[in-house]
Q: 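Dropping the structure in here first, questions after.
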Amino acid sequence: MNPSLFSNFYITTFITIFIFSVTAISILTATVFSYTNTISYSDHCNSFVPEAIPTTSMFTRYPFLEPVTSHYTGGQNILGPDSPSQRSILFTSTKNLFETETYDTFKIQAQLSFISSNIYQFVSNNSQFYRPLVFNLDGFWSESTNKLCMVGSAQWFSKRGKRPLKLDAVLKLNFARFISLDNSLVSGILESLASVHDSDYFEPISLIGFPPVADFKYKYSLVSNEECDGVNGNFTQEHPVASMQSLDLCSIFANRFKTYKLENRESGYPPSLPFSPSFLSLYAIQCSLQEKKLRFLVEFQDRRFTRYDQSFDPNITLIGEGTWNGAKNELCIVACHILNQSDPLGSAHVGDCSVRLTVWFPDIRSIKNTHTTEGHIWSTKKAGDDGYFEPINFQSFDHSLENYGTKYEFTKLERLRRVCPQRDAPRWKTGEYPSGYSGDMTFDMSVKHRNTITMGSAIPIFVGNQFYNSHYTVASNFNQFQAAAPSAAIGNTGRMNISYEIMFSSFINSTLEPERGIPLLSSTNNGRIQISAEGFYDSETGRLCMVGCRNRNSSKKESRNESFDCEIVVRFRFPRTNRNNGSFLITGTIQSLRERTDALYFDLLAIVSLTYTKTEAVESLWRMDLEIIMDLISGTLSCLFIIRQLFYVKKNAEMIPLISVLMMAILTLGYMVPLVLNYFKGMFSNTRYLQNIPLGGSGGLLEVNEVIAWIVTMVAFILQFRLLQLTWSAKLGNENNGKSHWNHEIRTLTVCLPIYIIGGLIMLLVNWKNNDYITSSQRSIWGDLRSYTGLTLDGFLFPQIILNIFQISKGNALSGLFYTGNTFVRLLPHAYDLLRGQINISQQFDRFYLYANPRADFYSPSWDVSIACGGVVFAVIVFLQQCFGGRFMLPKRFR
């Protein structure tokens with residue numbers, strides 16, 4: 001080809017692609033903003049915000065509305081009938097923000113998104129998918145009048161999905177740029193431009209919200225320390241208050257909900273609320289760290305388990321400001337009502353700021369005082385005035401993992417000495433165990449009661465007088481204002497006081513029938529059982545013994561001491577950090593000290609950890625590296641042995657009919673089943689606890705190994721399937737002895753199949769009844785099938801031996817390297833397992849045993865020896881059969 005023609009061809013192609021791309025982008029842009037050409041701004045908005053001529057582009061951030069601080073009502077014919085708390089909006093401006101010839105007017109392009117669980121776009125009569133409704137808007141904003149007007153449209157579908165809809169609309173908002181609490185409410189309305197009888201028409205949508213703005217754009221105008229003076233005399237602080245001069249209020253309240261329990265009382269709640277609330281939630285819209293002031297949403301509902309984008313309900317929400325009072329070590333909040341919500345463009349505003357709240361943090365924590373925050377709310381109005389309510393106490397939930405105090409008061413030590421008497425351990429039982437400040441002290445765990453199992457965790461709170469600040473603790477729970485643990489405490493320090501928070505999910509009876517003895521443990525409303533415990537930890541023996549307390553959750557009004565059940569003892573046993581003889585799991589029990597006839601008695605609960613210790617994780621790295629190499633070598637050898645058999649049968653075609661089809665099928669399935677199971681495991685398995693294993697940089701190597709091992713297994717499967725195909729075809733194509741060969745094959749199947757089925761059933765029953773409880777509970781039929789497949793594959797020569805007996809064969813049907821090599825490959829993992837030592841492994845760690853996986857076959861000292869001996873015996877029998885005939889072991893009259 002002419003070089004110039006070749007060059008011109010590529011130049012022409014490049015120019016064509018470039019022109020096509022520019023055209024496509026232009027069409028897409030025109031489509032997105034086509035509404036600006038079809039809707040007249042002046043016709044719908046000039047009376048609200050006059051139109052102006054844009055000049056220069058601006059690079060400033062425009063205020064926006066986020067879902068959690070916004071709310072809408074109306075538009076049910078397109079948005080669906082949602083509950084108020086499930087409706088929220090997202091209003092964000094694009095980068096197209098311009099100054100205009102009018103001094104205080106700006107041109108803005110923005111998107112308004114409606115978020116609701118009932119918004120669906122229908123594709124056809126039988127299919128639909130969830131998506132937010134998004135309006136693309138264009139308009140002007142006047143800074144002097146605090147008014148915004150925009151026009152635009154959204155592409156949508158009718159409820160039955162028969163045709164697309166074009167929803168033309170005009171948006172009018174009261175939207176200030178520099179705000180304080182009294183003008184912080186953004187309110188307005190989105191109206192349809194279609195006629196009432198048009199299919200594109202939708203009902204007006206009222207919008208309200210509180211936009212987060214930059215600190216310099218917000219002025220705290222209401223709150224001061226004096227606002228919370230003169231508190232009702234009925235309030236007294238029961239516990240010393242934590243003095244935290246450098247308290248970071250923003251990290252505690254900003255961008256997350258803090259929910260508290262209101263005290264139980266029959267009357268005295270704010271009369272403006274539609275119900276008597278049980279919870280109070282605080283959400284800091286913004287926070288000034290320098291001034292120690294915050295802007296709050298105050299909601300009378302439980303926000304612990306709601307979605308983040310769930311909007312506030314204005315009927316049960318106040319808006320307020322808070323400031324930290326350093327003299328009293330408390331947070332003072334002034335809260336106001338949202339008035340005239342039904343008139344968003346007119347009289348809707350923030351007012352009636354007669355509600356006060358104070359929040360403080362107890363300095364001392366104990367086994368019965370595990371909440372970290374206390375406070376009260378009251379009205380500044382006089383009794384009898386409209387809107388007055390009696391003062392109400394509130395506090396954070398018990399068993400909190402957060403901590404803002406500096407001390408822990410151990411109150412159960414004398415009782416603990418009677419329940420857990422100190423005994424001097426024999427010298428041979430002492431060793432290196434985790435320090436009380438070690439990250440290994442916090443762990444996930446399984447909790448077993450008979451045949452039911454649930455999951456939970458155990459987290460230290462205080463070790464001695466120091467807050468447990470391991471990096472394993474959630475960052476938000478870490479008290480950064482406390483001093484770090486002394487360096488002397490890092491090593492083994494003998495016996496020390498320690499406190500824990502233990503939580504686990506409620507038990508569910510697997511038989512769905514009432515079972516006598518199920519623990520009568522009361523759970524919180526989130527379905528979790530929580531126990532606070534304190535006791536002694538001995539770092540020389542690894543033993544931890546504690547007395548525990550749990551809330552009784554009684555419906556009767558009781559004193560705080562009566563509302564706890566403290567007749568509980570908790571024992572944990574930690575593994576050694578130097579060498580733990582194959583055991584790296586933390587074990588323990590939770591036991592009731594009450595009589596069996598007591599209504600609060602519960603049966604013994606067995607505990608086993610579900611996480612690696614840091615030491616064990618480090619020691620496992622070398623084993624993983626070794627197993628990666630062994631796994632790849634074994635897979636490669638299997639491929640070579642199969643290839644050797646393929647070449648062998650190519651030279652000795654007359655021997656192919658003497659090979660057992662059943663044996664070839666077992667070998668083929670032996671490669672196929674792991675591929676299939678790994679596929680389903682990747683789709684459905686729960687790998688939550690894998691995140692608790694600190695493997696450093698080995699995670700990538702593990703993923704690479706899985707891919708390589710999968711490829712090697714796939715190659716072996718293809719080669720083995722080819723060998724199966726050749727064996728099958730040879731038996732079918734043998735005209736003289738084909739029928740005889742198939743008769744022998746059927747007899748072999750008749751003998752082997754019942755043995756395999758009976759053996760599988762026996763193994764299944766034995767595993768379910770005799771294995772450790774973690775295995776029996778979490779092991780599925782897939783895991784049992786995987787193990788029994790491994791055992792069957794270990795004895796892959798069994799069908800060939802039976803076939804040789806039936807057909808009285810004498811000849812080398814199998815290459816010596818094929819059956820001896822595959823026997824070696826199958827027995828090598830069992831030899832390695834004996835050298836590695838037996839490890840009590842939980843199922844969630846299967847993935848980190850890359851070779852001789854304890855869940856992929858039957859591995860134990862007895863099984864390893866038995867399988868190895870059986871494999872060698874099978875190989876010797878095949879060798880002798882090929883030398884002296886298939887019935888050489890029988891008396892001469894049966895040969």
Side-chain angles (χ1 to χ4, degrees), residues 33 35-36 39-67 69-75 88-114 133-154 167-180 182-193 204-214 217-218 285 311 338 340-341 343-350:
F33 298 103
Y35 58 86
T36 59
I39 304 176
S40 172
Y41 177 87
S42 59
D43 292 345
H44 304 287
C45 285
N46 257 2
S47 61
F48 198 72
V49 180
E51 187 174 7
I53 300 175
T55 55
T56 58
S57 176
M58 296 178 61
F59 298 96
T60 184
R61 185 184 180 189
Y62 182 77
F64 66 96
L65 286 175
E66 60 180 358
T69 59
S70 62
H71 178 76
Y72 72 84
T73 57
S88 58
I89 55 178
L90 176 63
F91 182 65
T92 55
S93 62
T94 66
K95 295 181 180 180
N96 299 319
L97 183 62
F98 301 89
E99 294 180 343
T100 67
E101 293 181 350
T102 304
Y103 171 70
D104 62 348
T105 301
F106 303 90
K107 179 177 175 59
I108 296 175
Q109 287 183 341
Q111 284 189 335
L112 176 64
S113 302
F114 291 89
L133 174 59
V134 181
F135 283 86
N136 294 301
L137 303 168
D138 195 348
F140 294 88
W141 173 49
S142 173
E143 183 177 353
S144 60
T145 63
N146 294 331
K147 295 184 182 296
L148 168 70
C149 191
M150 308 183 79
V151 294
S153 62
L167 306 178
D168 296 334
V170 56
L171 173 67
K172 297 179 182 179
L173 289 178
N174 295 317
F175 211 146
R177 185 178 184 183
F178 295 93
I179 63 177
S180 59
D182 57 354
N183 71 339
S184 62
L185 177 67
V186 174
S187 59
I189 191 169
L190 180 74
E191 296 178 304
S192 174
L193 297 180
I205 303 175
S206 299
L207 314 173
I208 61 174
F210 296 95
V213 296
K217 293 183 179 180
Y218 186 86
I285 301 175
S311 72
I338 305 171
N340 301 329
Q341 305 169 22
D343 186 17
L345 278 181
S347 59
H349 67 285
V350 174

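For reference, positions follow the sequence shown, starting with 1.
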Q: Judged by atom type as modelled, is there a donor-acceptor pair below 3.5 Å linking the side chain of T102 to the main-chain atoms of D104?
A: no
Q: Looking only at heavy atoms, which two atoms of S93 and A110 are closest? And how far apart?
A: CA-CB, 3.7 Å
Q: Check whether any side-chain heavy atom of H349 lies under 4.5 Å from a side-chain heavy atom of N340, and answer yes or no.
A: yes
Q: Are the side chain of S70 and the backbone N or O of G209 linked by a donor-acceptor pair below 3.5 Å?
A: no
Q: Minimum heavy-atom separation for T105 to P50, with atom names?
A: CG2-O, 4.3 Å
Q: Which atoms form the tightest heavy-atom contact between I179 and S184, and what is the distance?
A: CD1-CB, 4.1 Å
Q: Working to the nearest 0.5 angstrom, can you tell me the gap between F135 CZ and F114 CZ?
A: 6.0 Å
Q: Rounded to the nearest 0.5 Å, what separates atom CD1 in I89 from atom CG in L133?
A: 12.0 Å
Q: In this structure, is the centre-to-centre distance between the rings of F140 and F106 below 6.0 Å?
A: no
Q: Check the pair F210, I338 against side-chain contact (heavy atoms from CB on, under 4.5 Å), reporting the backbone distance first and the verdict last.
A: CA-CA 11 Å; F210 296 95; I338 305 171; 3.8 Å; yes
Q: Any heavy-atom pair between the side chains of L137 and Q111 that's under 4.5 Å?
A: no
Q: Any side-chain heavy atom of N174 sitting closer than 4.5 Å to one from V186?
A: no
Q: Return the minimal non-hydrogen interatomic distance between S180 and N183, and the atom names on each side.
A: N-OD1, 2.7 Å
Q: Using the rule given for side-chain contact (heavy atoms from CB on, under 4.5 Å), can you reason through I39 versus L193, listing the C-alpha separation, both sets of side-chain angles and the distance that settles it, and then say yes or no?
A: CA-CA 9 Å; I39 304 176; L193 297 180; 3.6 Å; yes
Q: Taking C-beta and beyond as the side chain, do V170 and L190 meet within less than 4.5 Å on heavy atoms?
A: no
Q: By salt bridge (Lys or Arg N to Asp or Glu O under 4.0 Å), which residues pair with K107, not counting sequence neighbours?
A: D138
Q: Can you check whether C45 reaches V151 side chain to side chain, under 4.5 Å on heavy atoms?
A: yes
Q: Supply the atom-to-atom distance L90 CG to E66 CD, rounded to the nearest 0.5 angstrom.
A: 8.5 Å
Q: Return the CG to CG distance between L65 and L173, rounded to the nearest 0.5 Å.
A: 7.5 Å
Q: Considering all heavy atoms of both residues, which atom of G188 and which atom of L345 are nearest to each other, and what is their separation?
A: CA-CD2, 3.8 Å
Q: Rounded to the nearest 0.5 Å, how far does NE2 of H71 lie from CG of L207?
A: 9.5 Å
Q: Counting N and O atoms only, with roles assigned by atom type, does the side chain of N136 sit under 3.5 Å from a partner on the main chain of G152, one being a donor and the other an acceptor?
A: no
Q: Have E99 and T55 got a donor and an acceptor in their side chains that come within less than 3.5 Å?
A: no
Q: Could you walk me through whether I189 and I205 pass the side-chain contact (heavy atoms from CB on, under 4.5 Å) check?
A: CA-CA 6 Å; I189 191 169; I205 303 175; 5.9 Å; no
Q: Work out which heavy atom in W141 is nearest to a heavy atom in R177; give both atom names and the distance.
A: CH2-CB, 3.1 Å
Q: Between Y41 and N46, is any pair of side-chain heavy atoms under 4.5 Å apart?
A: yes
Q: Under 30°, 30 to 60°, or over 60°: which ring-plane class applies to F91 and F175, parallel, tilted or perpendicular?
A: tilted
Q: Which value, rounded to the nearest 0.5 Å, describes the distance between E51 atom CD and C149 atom SG?
A: 10.5 Å
Q: Take V49 and S142 through the test side-chain contact (heavy atoms from CB on, under 4.5 Å) and record every step on the way to the result.
A: CA-CA 7 Å; V49 180; S142 173; 4.1 Å; yes
Q: Taking P211's backbone N and O only, do any of them form a donor-acceptor pair with T69's side chain (distance below 3.5 Å, no angle check)?
A: no
Q: Do Y72 and S311 touch side chain to side chain, with heavy atoms closer than 4.5 Å?
A: no
